[in-house]
Engineer: 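Structure in structure tokens, see below.
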Amino acid sequence: MATTDALTPERILEATEEVLRRHGPAKATVVDVARALGVSHGSVYRHFRTKTALREAVTQRWLDRTSTSLSGIAAGAEPPETRLRRWLAELFAAKRRKVGGDPELFATYMVLVGESSAVVNRHRADLTGQLARIIHEGLERGDFAPAGAAPEVLARAVFDATGRFHDPAYAREWAGPGIEAEFTALVDLVLRGLRAP
């Protein structure tokens with residue numbers, strides 16, 4: 001039996017992922033998580049007050065993995081156009097890895113994401129904020145010049161326009177033939193629309 005002294009939120013979240021992978025979101029319980037950790041369910045509740053809070057935290061952790069990998073690109077020193085292209089490519093690649101690398105957990109997370117609209121909204125805000133940073137720098141340098149649009153508005157437009165390549169609703173299409181060429185064509189079009197004349 002593990003001691004509660006060694007019990008951390010990170011350990012609980014790791015165990016929760018394993019339990020979700022094994023049982024799915026409909027059958028996984030806090031008792032299952034506690035059993036996997038060798039502690040009482042009360043020990044889990046000391047870190048996460050409700051089952052909903054635990055599910056939201058594990059969803060946030062999953063989404064943050066993508067945000068973290070992209071934030072380094074957004075903060076990089078490359079020209080804004082290069083960073084924007086790399087950022088969009090990494091977002092697409094990250095989403096594809098999640099689908100292909102662990103399809104059971106991906107399916108579970110799709111259920112959890114549907115339950116956690118506040119978590120998803122924060123994730124989208126983080127991603128569009130990263131895009132806005134790149135676009136803002138492109139506007140300041142004169143590389144991008146769409147008439148009169150704020151970086152935040154442009155970032156949301158780019159995010160929405162490329163949704164087919166990061167919205168999990170399209171996951172079945174991501175392994176299809178020609179998807180890479182379609183992605184590149186769309187990114188080229190988006191960048192042409194942002195470029196200074």
Engineer: Ser71: what forms a side chain to side chain donor-acceptor pair (under 3.5 Å) with it, not counting sequence neighbours?
Structural biologist: none

Engineer: Please give me the minimum heavy-atom distance between Ala155 and Ala132, naming the atom from each residue.
Structural biologist: CB-N, 3.4 Å

Engineer: Could you give me the CA-CA distance, side-chain angles and deciding distance for Leu131 and Leu154, then say whether side-chain contact (heavy atoms from CB on, under 4.5 Å) is met?
Structural biologist: CA-CA 9 Å; Leu131 280 172; Leu154 293 170; over 6 Å; no

Engineer: Could you give me the CA-CA distance, side-chain angles and deciding distance for Arg22 and Lys27, then say whether side-chain contact (heavy atoms from CB on, under 4.5 Å) is met?
Structural biologist: CA-CA 9 Å; Arg22 216 172 346 185; Lys27 294 183 181 175; over 6 Å; no

Engineer: If hydrophobic clusters are built from ILVMFWY residues whose side chains come within less than 4.5 Å, do Leu88 and Val153 share one?
Structural biologist: no

Engineer: Does the side-chain contact (heavy atoms from CB on, under 4.5 Å) test come out yes or no for Phe165 and Glu182, once each step is laid out?
Structural biologist: CA-CA 9 Å; Phe165 301 99; Glu182 292 169 21; 4.2 Å; yes

Engineer: To the closest 0.5 Å, what do you measure between CG (Leu13) and CZ (Phe48)?
Structural biologist: 4.0 Å

Engineer: In Å, rounded to the nearest 0.5 Å, how long is the span from CH2 of Trp87 to OG1 of Thr162?
Structural biologist: 7.0 Å

Engineer: Test side-chain contact (heavy atoms from CB on, under 4.5 Å) on Val30 and Thr50; report intermediate values, then the result.
Structural biologist: CA-CA 9 Å; Val30 174; Thr50 64; over 6 Å; no

Engineer: How close do Ala53 and Arg49 get, heavy atom to heavy atom, and via which atoms?
Structural biologist: CB-N, 4.4 Å

Engineer: Using a strict threshold of under 4.0 Å (side-chain N to carboxylate O), is an ion pair present between Arg85 and Asp188?
Structural biologist: yes

Engineer: Does Glu180 come within less than 4.0 Å of Arg96, counting only side-chain N to carboxylate O?
Structural biologist: yes

Engineer: Using modelled atom types and a 3.5 Å cut-off, is there a donor and acceptor pairing between side-chain atoms of Arg11 and backbone atoms of Ala6?
Structural biologist: yes

Engineer: Can you tell me how far CG of Leu139 sits from CD1 of Ile134, rounded to the nearest 0.5 angstrom?
Structural biologist: 12.0 Å

Engineer: Within this structure, what is the CD1-CD distance for the pair Ile135 and Gln130, rounded to the nearest 0.5 Å?
Structural biologist: 12.0 Å

Engineer: Can you see which heavy atom on Glu137 is nearest to which on Pro80, and at what distance?
Structural biologist: C-CG, 3.9 Å

Engineer: Do Arg21 and Glu18 sit within salt-bridge range, that is, some charged N less than 4.0 Å from a carboxylate O?
Structural biologist: yes

Engineer: Which atom names give the shortest non-hydrogen contact between Ile179 and Glu173, and what distance separates them?
Structural biologist: CD1-O, 3.6 Å

Engineer: Can you name the side chain to side chain donor-acceptor pair (under 3.5 Å) partners of Glu78, sequence neighbours left out?
Structural biologist: Arg86

Engineer: Show the nearest heavy-atom pair for residues Leu127 and Ser67, with the distance to one decimal.
Structural biologist: CD2-OG, 3.8 Å

Engineer: Please say which of Arg192, Arg195, Arg141 ends up in a salt bridge (charged side-chain N to carboxylate O under 4.0 Å, His left out) with Glu81.
Structural biologist: Arg195

Engineer: Which distance, rounded to the nearest 0.5 Å, do you find between the CG of Leu194 and the CG of Leu84?
Structural biologist: 6.5 Å

Engineer: Between Glu152 and His136, is any pair of side-chain heavy atoms under 4.5 Å apart?
Structural biologist: no

Engineer: Does Lys98 make a cation-pi contact with Trp62 (under 6.0 Å, within 45 degrees of the axis)?
Structural biologist: yes

Engineer: In Å, rounded to the nearest 0.5 Å, how long is the span from CG of Asp64 to CZ of Arg122?
Structural biologist: 9.0 Å

Engineer: Can any side-chain N or O of Thr184 pair as donor or acceptor with the backbone N or O of Ala181 at less than 3.5 Å?
Structural biologist: no

Engineer: Kindly write out the residues that satisfy side chain to side chain donor-acceptor pair (under 3.5 Å) with Arg156, not counting sequence neighbours, or none if the list is empty.
Structural biologist: Asp160

Engineer: With the threshold set at 4.0 Å, does a side-chain nitrogen-carboxylate oxygen contact exist between Glu90 and Arg97?
Structural biologist: yes

Engineer: Is the shortest distance from a Lys or Arg side-chain nitrogen in Asp32 or Arg35 to a carboxylate oxygen in the other one below 4.0 Å?
Structural biologist: yes

Engineer: Determine whether Thr52 and Arg55 satisfy the following criterion, side chain to side chain donor-acceptor pair (under 3.5 Å), listing intermediate values before the conclusion.
Structural biologist: CA-CA 5 Å; Thr52 299; Arg55 289 164 75 102; over 6 Å; no

Engineer: Using the rule that two of Ile, Leu, Val, Met, Phe, Trp, Tyr join whenever any of their side-chain heavy atoms come within less than 4.5 Å, decide whether Tyr170 and Val187 are in one cluster.
Structural biologist: yes

Engineer: Would you call Arg61 and Glu10 a side-chain contact if the rule is heavy atoms closer than 4.5 Å?
Structural biologist: yes

Engineer: Give me the atom names and distance for the closest heavy-atom approach of Pro168 to Trp174.
Structural biologist: CA-CH2, 3.9 Å

Engineer: Are the side chains of Phe92 and His166 in contact, using a 4.5 Å heavy-atom criterion?
Structural biologist: no

